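Data first, discussion second: the structure below is written as structure tokens.
Model, not experiment: these values are computed from the prediction.
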Amino acid sequence: MFKFDWKPFVLSVLALSLLSACDKKNGGDNQAIHSSTESAVASNATAMPSTTINGPTITINTARGEMIVPENPTDVAVFDMATLDDLQALNVVVKGAPKKVLVPYLQEKLKSVSNVGTLFEPDLEALNALKPQLIIIAGRSAPKYDVLSALAPTIDMSDNGQDLIGDGLKRLDTYGRLFKKEAEAQKLHGDIQNLLNETAQAVKGKGNGLILMVNAGKLSAFGSSSRFGWIHTQVGVPMADNNIPAAPHGQSVSFEYVQKIDPDWIFVLDRTAAIGEEGKTAQAVLDNELIRQSKAWKNGHIIYLSSAAYLAAGGVQQIKTDLTNIKTAFNK
């Protein structure tokens, strides 16, 4: 049994508070511990849980460094749809999650969980009633780490946005260890790796591509350093425009831009539909005179990514679905 000793922890906190007060008095800029994912990772220290853990523990890698958490926890709250995707694939029971998430293949699982807020705003009262052994956050929910870790052991499983499939496989392996589902995780890992290899083979020598997000009738282009860059870096589709800058929300572009670049393939994410907003579909927005002049349109080379590519990026089913769709399109 692992028992957290509060006394040294409280003394440490008091000491840090005194140091912080001195720094502020002297005009110093004392940065809070783990104020960002980057600083936490750089510290390389094993972070201790904020609450007592009864029973076996396991040390796992997270976005904030190594963490000690309960092994195979049974009462889990999840604030990340890619994680929920993974845990569904591993047949892990989840007790709490935000229920208003528009990922079609997760709707059945969400029916059986307690609603614990949204991806951005956790319901602390609902969480307190649930009394989770572990809370899992990532991406959109990551800024709530400090608040949630005060309630229960909390792990931040955010990725760096540069290696979607690679990070997704690492996270899957970690969940396999955490929930004693290593055999299941290993099989899923192998299936995805094989599918990735097959997809990379299918796209070879078949032209370049442009990744577009359609949102409220406007277009944004994404390059190899973006959240959708895996299409270029891991699947292997050459970029139609090598000058797209790295930007979290892409580069705003026009229909004339798409006509000028004239990509062989266009990969489309319909954000409006993904988040359930009203408005023209991506198909309707792109069906115009300028886009119809592109090689991609003329050859039927427009591939629509799943809504999960935006909401549950890096999850098992998301990766499988989008790789399969790309492989099928390029093999026609």
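Residue Glu256 qualifies as enclosed at atom CD: its count of foreign heavy atoms under 6.0 Å is above 12. By the neighbour-count criterion of 12 heavy atoms within 6.0 Å, atom CD of Gln293 is densely surrounded, having more than that number from other residues, nucleotides or ligands. Heavy-atom neighbours of Lys109 NZ from other residues, nucleotides or ligands within 6.0 Å: above the threshold of 12.
Looking only at atom types and distance, the side chain of Gln234 has a donor-acceptor partner in the side chain of Asp163 under 3.5 Å away. Counted by atom type alone, Arg271 and Tyr310 present one or more donor-acceptor pairs between their side chains at under 3.5 Å. A donor-acceptor contact closer than 3.5 angstrom is absent between the side chains of Thr154 and Tyr145. Using modelled atom types and a 3.5 Å distance limit, the side chains of Thr74 and Gln133 yield a donor-acceptor pair. Asn325 and Tyr304 share no side-chain donor-acceptor pair at under 3.5 Å. In this structure, a donor-acceptor pair under 3.5 Å is present between the side chains of Gln193 and Asn197. When only modelled atom types and interatomic distance are considered, Gln318 and Asp322 share a side-chain donor-acceptor pair under 3.5 Å.
Atom CG of Asp241 and atom CD1 of Ile261 lie 4.0 Å apart (nearest 0.5 Å). The CG atom of Leu151 lies 10.5 Å from the NZ atom of Lys131; values are rounded to the nearest 0.5 Å.
A distance-only check finds no donor-acceptor pair linking the side chain of Glu277 to the backbone of Ala273 [under 3.5 Å]. In this structure, the side chain of Asp264 does not engage the main chain of Lys206 through any donor-acceptor pair within 3.5 Å. Proximity of a side-chain donor or acceptor of Asn299 to a complementary backbone N or O of Lys295 within less than 3.5 Å is detected. The backbone N or O of Lys218 sits nowhere less than 3.5 Å from a side-chain atom of Asn215 that would complete a donor-acceptor pair. Checking side-chain atoms of Asn194 against main-chain N and O of Gly190 turns up a donor-acceptor pair under 3.5 Å. Lys99 contributes a side-chain N or O that, together with a main-chain N or O of Leu110, makes up a donor-acceptor pair within less than 3.5 Å. Checking side-chain atoms of Gln107 against main-chain N and O of Val101 turns up a donor-acceptor pair under 3.5 Å. The main-chain N or O of Ile137 is never found under 3.5 Å from a side-chain atom of Ser141 such that the two would form a donor-acceptor pair. A donor-acceptor pair under 3.5 Å links the side-chain atoms of Ser158 to the main chain of Gly139, judged by distance alone. Within the 3.5 Å criterion, the main-chain N or O of Met239 finds no donor-acceptor partner in the side chain of Asn208.
Side chains of Val69 and Leu178 form a contact here, defined as non-hydrogen atoms less than 4.5 Å apart. Using a 4.5 Å heavy-atom cutoff, the side chains of Lys320 and Asp191 are in contact. At least one side-chain heavy atom of Leu169 sits less than 4.5 Å from a side-chain heavy atom of Ile192. By the 4.5 Å heavy-atom criterion applied to side chains, Tyr105 and Gln88 are counted as neighbours. Leu148 places a side-chain heavy atom less than 4.5 Å from the side chain of Pro122.
Scanning for ring pair (Phe, Tyr, Trp, His ring centres under 6.0 Å) contacts around Phe228 gives Phe222, with sequence neighbours left out. Residues passing the ring pair (Phe, Tyr, Trp, His ring centres under 6.0 Å) test with Trp230: none are found, sequence neighbours excluded.
Electrostatic pairing of Asp86 and Arg171 counts as a salt bridge here, judged by a charged N lying under 4.0 Å from a carboxylate O. Using a 4.0 Å cut-off between charged nitrogen and carboxylate oxygen, Lys111 and Glu108 count as a salt-bridge pair. By the 4.0 Å N-to-carboxylate-O rule, Lys144 lies close enough to Glu121 to be salt-bridged with it.
Geometrically, Arg140 does not engage Phe79 in a cation-pi contact, judged by NZ or CZ lying under 6.0 Å from the ring centre and within 45° of the ring axis.
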